[in-house]
Amino acid sequence: MYSNDFEAAFSCFLERRDYDEAANQMFTLARLAFAAGWQAAGGTPPQEEPIFTLLRGGAEDGQREAASQPEIG
């Protein structure tokens, strides 16, 4: 359908940071629009939740992990 030059240029574009930023912004806009419609229809607003939780490790964790490993010998 498209030339090989077009496909190669498009592939390079998809690998650039500019594309990632544009895609992230479009996703954010779509999510905000959906949330606004959801609330307008009487739904409860989405709750902010952490994406991940950092766990603190220490020497004790390392000792426990080493103790749980079977000895080879």
Side-chain angles (χ1 to χ4, degrees):
M1 182 170 225
Y2 290 104
S3 70
N4 288 341
D5 290 340
F6 173 87
E7 295 297 338
F10 185 60
S11 179
C12 287
F13 169 71
L14 292 178
E15 293 173 4
R16 294 182 57 186
R17 182 180 173 104
D18 293 340
Y19 172 76
D20 289 337
E21 289 177 9
N24 286 337
Q25 292 299 322
M26 287 189 297
F27 176 81
T28 299
L29 287 173
R31 184 170 171 81
L32 289 171
F34 182 85
W38 179 268
Q39 289 179 27
T44 58
Q47 298 288 326
E48 294 272 338
E49 294 183 18
I51 297 172
F52 58 87
T53 302
L54 295 177
L55 302 175
R56 297 198 72 142
E60 291 178 10
D61 290 339
Q63 290 172 352
R64 274 189 237 134
E65 187 175 310
S68 67
Q69 299 293 325
E71 290 186 29
I72 300 175

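Residue numbers start at 1 and run along the sequence shown.
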The salt bridge (Lys or Arg N to Asp or Glu O under 4.0 Å) partners of Asp5 (sequence neighbours excluded) come to none
If you count heavy atoms of other groups shown closer than 6.0 angstrom to OH of Tyr2, is the number above 12? no
Here the side-chain hydrogen bond (donor to acceptor under 3.5 Å, both in side chains) pairs for residues 9-26, sequence neighbours left out, are Arg16-Asp18, Arg17-Glu21
query = Quick one: do Leu54 and Ile51 end up in the same hydrophobic cluster if we chain Ile, Leu, Val, Met, Phe, Trp and Tyr together by side-chain heavy atoms under 4.5 Å apart?
reply = yes
